[in-house]
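Some notes on the structure that comes next.
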Amino acid sequence: MWSILYYLRNDAAKLKWSQRVRGSDEGLVDKALELDTEWRRLKSHMDKLRHERNQMAAKIGKASLNERTKLIEEAKRLDRELEEAEKRLTEVEEARERVLLSIPNIVHESVPVGTSDEDNVPIRVFGRPKVWRGYLESFLQQVKGFNVEYELIDWRPVGHADLSEESGFVDTVRASKVAGARFYYMFDDLVWLDLALVMWALDILSSKGFKIVIPPYMLRRKLLEGVTSFSDFEDMIYKVEGEDLYLVATAEHPLAALHSGETLPKDELPLLYAGLSPCFRKEAGAHGKDTKGIFRVHQFTKVEQFIYCLPEESWEWHETLIRNAEEMFQKLEIPYRVVNVCSGDLGVVAAKKYDLEAWMPAQGKFREMVSCSNTTDYQSYRLGVRYARARGAPAEGYVHTLNSTAIATSRTITAILENNQEPDGVVRIPKILKKYLELFEKAPKDHIEPRKVKS
RNA sequence: GCCGGGGUGGCCGAGUGGACCAAGGCGUCGGCCUUGAGAGCCGAUACCUCUCCGAGGUGCCCGGGUUCGAAUCCCGGCCCCGGCGCCA
């Protein structure tokens, strides 16, 4: 059973609590309860009427010719009554569905209660961040409660945006001429780096048992509605004009849609996918934030982890997914922290979310690189993905789905540019990527040299 | 894009307006039988509601329509197969 409906009927207090800590409307729960009670009443009533109608229709089939006219008259009267009942039921049903579908995923007990990202709770810190003297105080504040080794530096690293732009590896000025703000041309060494990150991520995840996949980059509206919330939709999604198609904002969406309408046999679960796709995002409502460089852009490449699993296993998989992402940033030697995102900052779809935030030495802040969510049955209910004892057996319930970034290339590149920067501006390439860069004659292998010359 | 054929349960497949359940087969699950397995036999195997033993409703790609009654007839959409066209 869908968890929202289950809790509505069995433990409405829990739903109310979830709404409360999210800062969402608690009244929706009462409203839903009311509508559901009414719906059940009307449903019983209509089933009775339909039963009468069916019996009537059967009688007519067997009746003699002169009886028939009379019975048909009676049946027509019954039909009018039925039509009325059907209309009311549909109305209540639609209203109930609207309310239920507008209720965000139920917050997990382990999620910290809070209202904004300031209430997110850091749970782990990794690495040896380079901290410029001017940021020391703020840094210490950000890692309070953790015993973090750090390297104090007197020179201030150049920000990723300035570094990449001035060295000619990124041209956002010309990109804005041809496509607008938040687009970019990326050149030479950063292209190789981008490709190497993708290949490396797919290499690691496929070794861990993930099926690697290139999904469709466009989706029908119906499927998109199953994986995301209306608010995300409005803020993120590009539409293809004249078609019922939308550009994907992440591989998560086509991967969640992959098994829509299917009942998966238990013994085939979990299904582990690593999707590679471009991500197209409007970034509406982000005006003035991260306007320079390739940190926040309308289009980037990402390798995404996605899992379908049994409900009782999803919390364990959630930990595995964030550990996978952490492993990757550890191998890239990028200092980071993991935060447990608080109830008010969760987003509608997730029941719990971890963000992995890389240390950005030029900004003196931890910035989001990875987002790792357990969406429980929010997506699987909407998309109709269920599980059964065996192939062909009746469905026992809805699967849980989870998603986590593995590598979003452009953001990861910004973290590499800042963390691996030497005082002279040379950027050391993470050793783990060397193998993938060696495939290409002209690709840099150990260092990226800023050219300081624009072409 | 155009023309033709098609879409029925987890799978195969019958059913072209009404007779209690969408026949039958395969698969899966339970039971009987067997030393064990197999075969065989019996039963179960979509969703929803209720007073949950049981009764009833809905369901044949999706959405509308015709009819007292639709898997079946009509309209729109999506997808699949074949042919033509186009194309990397």
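First the proteins, then the strands, lettered A, B, ... as listed; each starts at 1. Bear in mind the structure is a predicted one, so any value in this text is a computation, not a measurement.
- If you measure from atom CD of Glu262(A) to atom P of rG9(B), you get 14 Å, rounded to the nearest angstrom.
- Remark: rG40(B) base-pairs with rC32(B); criterion is Watson-Crick or G-U wobble with both hydrogen-bond distances under 3.5 Å.
- Within the 4.0 angstrom heavy-atom criterion, only backbone atoms of the sugar-phosphate kind lie near Arg9(A); the bases stay farther away.
- Here rC11(B) presents its P atom at 13 Å from CG of Leu264(A), a figure rounded to the nearest Å.
- Nearest-nucleotide positions on RNA chain B place Arg96(A) closer to the 5' end than the other of Arg96(A) and Met46(A).
- With rounding to whole Å, His45(A) atom NE2 is found 18 Å from rG56(B) atom P.
- The pairing partner recorded for rG63(B) is rC75(B), the criterion being a Watson-Crick or G-U wobble arrangement whose two distances lie under 3.5 angstrom.
- In the set rG57(B), rC68(B), rC47(B), rC47(B) carries the atom at the smallest distance from any side-chain atom of Pro394(A).
- Partner assigned to rC84(B) is rG1(B), using Watson-Crick or G-U wobble distances below 3.5 angstrom.
- A salt bridge does not link Lys76(A) with Glu81(A): every distance from a Lys NZ or Arg NE/NH1/NH2 to an Asp or Glu carboxylate oxygen is 4.0 Å or more.
- The residue Ala395(A) sits close only to the backbone: its heavy atoms come under 4.0 Å of sugar-phosphate atoms, none of a base.
- Spacing between rC74(B) and rG4(B) at atom P, rounded to whole Å, works out to 15 Å.
- Of the residues near RNA chain B, Asn54(A) and Leu5(A), the one whose nearest nucleotide (by heavy atom distance) lies more toward the 5' end is Leu5(A).
- With C1' as the reference atom, rU66(B) and rU72(B) are 13 Å apart, rounded to whole Å.
- To the nearest whole angstrom, the two P atoms, one in rA46(B) and one in rC11(B), are 13 Å apart.
- No cation-pi contact links Lys211(A) to Tyr273(A), judged by a cut-off of 6.0 Å to the six-membered ring centre and 45° from its axis.
- When rounded to the nearest whole Å, the span between CZ of Arg50(A) and C1' of rG56(B) equals 11 Å.
- Asp267(A) places its CG atom 12 Å from the P atom of rU28(B), with the value rounded to the nearest Å.
- Ring geometry for Tyr308(A) against Phe306(A) counts as perpendicular: the plane angle is over 60°, on a 0 to 90° scale with 30° as the lower cut.
- For the pair Arg323(A) and Tyr354(A), the cation-pi criterion (under 6.0 Å, within 45° of the ring axis) is not fulfilled.
- When Watson-Crick and G-U wobble pairs are counted only if both distances are under 3.5 Å, rA14(B) pairs with no nucleotide at all.
- Here the C1' atom of nucleotide rG56(B) and the CG atom of Leu49(A) are 12 Å apart, to the nearest Å.
- Of the side-chain N and O atoms in Arg53(A), one or more sit less than 4.0 angstrom from OP1 or OP2 of rU58(B).
- With hydrogens and angles ignored, no donor-acceptor pair closer than 3.5 Å exists between the side chain of Asp47(A) and the base of rG57(B).
- Side-chain nitrogen and oxygen atoms of Lys43(A) include none within less than 4.0 Å of the OP1 or OP2 phosphate oxygen of rC48(B).
- Classified by interplanar angle (parallel below 30°, tilted 30° to 60°, perpendicular above 60°), the ring pair Trp2(A)/Tyr381(A) is parallel.
- Taking all atoms of both residues into account, the shortest heavy-atom contact from Leu383(A) to Ala256(A) is CD1-O, 3.3 Å.
- Phosphate proximity of rC79(B) to Arg220(A): present, with a side-chain N or O under 4.0 Å from OP1 or OP2.
- Between the P atom of rG76(B) and the CG atom of Asp244(A) lies a distance of 19 Å, rounded to the nearest Å.
- Per the geometry, CH2 belonging to Trp39(A) stands 11 Å off C1' belonging to rG57(B), to the nearest Å.
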